[in-house]
Undergrad: 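For reference, the structure I am asking about is given below.
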Amino acid sequence: MTRICMIGCRKGGVTKTTTTVNLGYELSKLGKNVLIIDFDGQGDTTKYYGQDDSEFYIGDALIDRKFDFNKAIYPAIVNGIEQEKLHIIPGRRGDIMTKLDMDMISLPRREERLKLHLAKVAPSYEFILIDTTPGTSVLGLNAVMAATEYIFPTEFKEHSLDGVETLLEHIQDVRFIEEDEIKFLVVPSKISRTAKRALSYGKEYLAERWPKNTSKTVIWERSLFTEAEFEHEPASVIKAGHVAASYYKDLAKELIKNG
Ligand SMILES: Nc1ncnc2c1ncn2[C@@H]1O[C@H](COP(=O)(O)OP(=O)(O)OP(=O)(O)O)[C@@H](O)[C@H]1O
Ligand SMILES: [Mg+2]
């Protein structure tokens, strides 16, 4: 069964895109066939993977039932090399994604269009990761409906943890299920080792609220990720030997193990 993971949080800037880009790359390096879908209106994931001037994008498929979904799938380009096991369906910049969202409102089965399209290509992949925006939208609903599980990166801040709570409630509402029926993993991300108060607040919150759904892997705050963002590359490509280059590899292994 293909694992379709929505990467989400109702708070902005909590590392959804960084998680998608790095986790996707590490999963592919571990031998998994991975497809990335970019719903983030900034097209960041698309840019990381070198497909920001692609002919087609996710909107072409979502609007048109008959569109050949495979035409919107491109190999990710990492370090100048087309990846065999890592593919992307590109997004576009914010105003185009907003227009797409509005155009979808009047379409039949508007919340399920991604799920219906994905059914055709999913068997070719072991993992499909969907990068999303913090807000509510028709696109966001499509991600919730298509996903078989959810990854919530969160900082150890009140707003960020609230952002996980709100999204979890939303998923229950959209799918008419209870929290214990949702497969999800909360990933402590961009965590500062020196902000002691935040560290104990976050640890206590997660231990009490989601003891079984919190990842063992912690993504610590490191400047390598900002450097990698400048270069539009996964962190382990920028500096393979760096301690922070292993964070998302560890997370990828943990994800595979808890399959
Ligand atoms: N572990 C980390 N340590 C330090 N900086 C990080 C880390 N992870 C991500 N960042 C930086 O934090 C910023 C926000 O990350 P990112 O863009 O992935 O968040 P996002 O949740 O996708 O944001 P948005 O809601 O705007 O889509 C980026 O500048 C990124 O480089
Ligand atoms: Mg983002």
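Bear in mind that the values here come from a model prediction, so they are computed numbers and not experimental data. Note that ligands are numbered from 1 as they come in the structure, with each ligand's atoms numbered from 1 the same way.
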Undergrad: Can you give me the OD2-the Mg ion (ligand 2)-OG1 angle for D40 and T17, to 10°?
TA: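 So the angle at the metal works out to 80°.
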Undergrad: What part of D40, side chain from CB on, backbone N/CA/C/O, both or neither, has a heavy atom under 4.0 Å from ligand 1?
TA: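 For D40, only side-chain atoms sit under 4.0 Å from ligand 1.
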Undergrad: Backbone or side chain, does any N or O of W220 fall under 3.5 Å from an N or O of ligand 1?
TA: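 The answer is yes, given that W220 and ligand 1 share an N or O pair closer than 3.5 Å.
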Undergrad: Taking 4.0 angstrom as the limit and counting only heavy atoms of G12, give me the atoms of ligand 1 inside it, by number and element.
TA: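 Atoms satisfying the 4.0 Å criterion: 25 (O).
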Undergrad: Do ligand 1 and E229 have nitrogen or oxygen atoms that lie under 3.5 Å from each other?
TA: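 By distance alone, the answer is yes.
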Undergrad: For ligand 1 and V14, I'd like to know whether there is a polar contact (N/O to N/O, distance under 3.5 Å).
TA: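 By distance alone, the answer is yes.
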Undergrad: Can any side-chain N or O of Y49 pair as donor or acceptor with the backbone N or O of V21 at less than 3.5 Å?
TA: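 Yes, because the side chain of Y49 sits within donor-acceptor range (under 3.5 Å) of the backbone of V21.
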Undergrad: Heavy-atom contacts with P134 under 4.0 Å: which atoms of ligand 1 show up? List them by number with element.
TA: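 With P134 as reference, the close atoms of ligand 1 come out as 25 (O).
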Undergrad: Fit a plane to each ring of F152 and Y150, take the angle between them on a 0 to 90° scale, and name the class: parallel (under 30°), tilted (30 to 60°) or perpendicular (over 60°).
TA: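 Rings of F152 and Y150: parallel, under 30°.
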Undergrad: State whether the side chain of E254 and the backbone N or O of T217 hold a donor-acceptor pair below 3.5 Å, judged by distance alone.
TA: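 Looks like yes, one N/O pair under 3.5 Å.
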Undergrad: Which atoms of ligand 1 have any heavy atom of T18 under 4.0 Å away?
TA: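 Taking each heavy atom of T18 in turn, ligand 1 has 8 (N), 9 (C), 15 (O), 16 (P), 18 (O), 30 (C) under 4.0 Å.
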Undergrad: Of the protein's non-hydrogen atoms, which lies at the shortest distance from atom 19 (O) of ligand 1, and what is that distance?
TA: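 Answer, as residue, atom name and distance: T15 N, 3.0 Å.
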Undergrad: For ligand 1, which atoms sit closer than 4.0 Å to a heavy atom of T17?
TA: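 Listed by number with element: 18 (O), 20 (P), 22 (O).
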Undergrad: When only distance counts, is T132 in polar contact with ligand 1, meaning an N/O pair under 3.5 Å?
TA: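 N/O-N/O distance under 3.5 Å: no.
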Undergrad: May I ask you to identify the nearest protein heavy atom to atom 2 (C) of ligand 1, giving residue, atom name and distance to one decimal place in Å?
TA: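 Of the protein heavy atoms, F225 CD1, 3.4 Å lies nearest.
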Undergrad: Mind running ring-ring contact (aromatic ring centres under 6.0 Å, His included) on Y48 and Y25 for me, showing each step along the way?
TA: CA-CA 11 Å; Y48 268 101; Y25 178 68; over 10 Å; no
Undergrad: For atom 13 (C) of ligand 1, which of R10, Q42, K16, K190 has the closest heavy atom?
TA: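 Looking at heavy atoms only, K190 sits closest to atom 13 (C) of ligand 1.
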Undergrad: Take every heavy atom of T133, measure it against each atom of ligand 1, and state whether any distance is under 4.0 Å.
TA: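 Outside the 4.0 Å threshold, so no.
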Undergrad: Looking only at distance, does G13 have an N or O less than 3.5 Å from an N or O of ligand 1?
TA: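 Yes; at least one N/O pair falls below 3.5 Å.
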Undergrad: For I4, does its backbone N or O pair with a side-chain atom of T148 as donor and acceptor, under 3.5 Å?
TA: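 Confirmed, T148 side chain pairs with I4 backbone.
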Undergrad: Side chains of D131 and T45: is there a donor and an acceptor less than 3.5 Å apart?
TA: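 A donor-acceptor contact under 3.5 Å links the two side chains.
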Undergrad: Check ligand 1 against I219 and write out every atom of the ligand that is under 4.0 Å from a heavy-atom position of the residue.
TA: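 Per the distance check, 1 (N).
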Undergrad: Say whether, by atom type as modelled, one donor and one acceptor occur between the side chain of T2 and the main chain of Y125 under 3.5 angstrom.
TA: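 Side chain of T2 to backbone of Y125, a donor-acceptor pair under 3.5 Å: yes, one is there.
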Undergrad: Quick one: pull up CD in E155 and CD1 in I191 and give me the separation to the nearest 0.5 Å.
TA: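 The distance works out to 7.0 Å.
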Undergrad: What class does the angle between the rings of W210 and Y205 fall in, given that below 30° is parallel, 30 to 60° is tilted and above 60° is perpendicular?
TA: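 Tilted: the ring planes of W210 and Y205 meet at 30° to 60°.
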Undergrad: Is there a side-chain contact between L114 and I37 (heavy atoms, below 4.5 Å)?
TA: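 Side-chain contact under 4.5 Å: yes.
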Undergrad: If we only consider heavy atoms of Y247, is any one of them less than 4.0 Å away from an atom in ligand 1?
TA: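 Y247 does not count as a contact of ligand 1 under the 4.0 Å cut-off.
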Undergrad: Okay, side chain of N142, backbone of R110: is any donor-acceptor separation there less than 3.5 Å?
TA: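 Checking the backbone N and O of R110 against the side chain of N142, a donor-acceptor pair under 3.5 Å is found.
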Undergrad: Name the closest protein heavy atom to atom 4 (C) of ligand 1, giving the residue it belongs to and the distance to 0.1 Å.
TA: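 Nearest protein contact, heavy atoms only, for atom 4 (C) of ligand 1 is R222 O, 3.2 Å.
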